Amino acid sequence: MANNESGEGHPPLSAQVADKLLDLLSKDDGFRELFAKDPIAALAKAGHPPAQALVDGGAYSPAAFTCMVTRAIAPKDEIEAARLEIRSVLTSASSHTNPHCFEAGRIGEATSGFGDGGTPSSDS
């Protein structure tokens, strides 16, 4: 899992990990708190192998992944309502470099263009 400063981007999530992540973010308050505090640890808990390797190796700092920050995680019902669009973003080959799709009030903006396998607009 590369950090955004390296220019390598992040690998897309598998469908299974994306589904688990969305389940947890739309239902589990404790997980939502973990995601807000340490998204890499949250991704590891959801089963994303690159995140698990980082957490298990102990050689990372959550502060090194500033691209993985949201100001306010969207409410559970907002995540659930946009589940298919978010899933499409997370599993896309032109995957996320920022988790804007979890930002309160920005889900539609962040997922625009991904429903058809496209890429997001340049302003997202």
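Model, not experiment: these values are computed from the prediction.
- Remark: R87 engages D19 in a salt bridge (charged side-chain N to carboxylate O under 4.0 Å, His left out) (not counting sequence neighbours).
- With values rounded to the nearest 0.5 angstrom, L34 atom CG is found 12.5 Å from D29 atom CG.
- Side-chain contact between K45 and K20: absent, with no pair of heavy atoms (C-beta onward) separated by less than 4.5 Å.
- Taking CD of E33 as the start and CD1 of I73 as the end, the distance is 9.0 Å to the nearest 0.5 Å.
- Contact check for L24 versus F35: no side-chain heavy atoms found under the 4.5 Å cut-off.
- Residues passing the side-chain hydrogen bond (donor to acceptor under 3.5 Å, both in side chains) test with D56, sequence neighbours excluded: none.
- For E80, the side-chain contact (heavy atoms from CB on, under 4.5 Å) partners two or more places apart in sequence, or in a different chain, are S26, R83.
- Legend: residues meeting side-chain contact (heavy atoms from CB on, under 4.5 Å) with K27, ordered by chain and number and at least two apart, are D23.
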* Start with the C-alpha distance between K76 and D28, add both sets of side-chain angles, then the distance that settles salt bridge (Lys or Arg N to Asp or Glu O under 4.0 Å), and finish with yes or no. => CA-CA 9 Å; K76 294 179 212 172; D28 186 321; over 6 Å; no

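- Inter-residue side-chain proximity for T91 and V17 is flagged as unmet; no heavy-atom pair is nearer than 4.5 Å.
- A44 is linked by a side-chain contact (heavy atoms from CB on, under 4.5 Å) to A51, Q52, V55, counting only residues two or more places apart in sequence or in another chain.
- Residues forming a side-chain contact (heavy atoms from CB on, under 4.5 Å) with D77 (at least two apart in sequence, or on another chain): P75.
- Expressed to the nearest 0.5 Å, how far CG of L54 lies from CG of L43 amounts to 10.0 Å.
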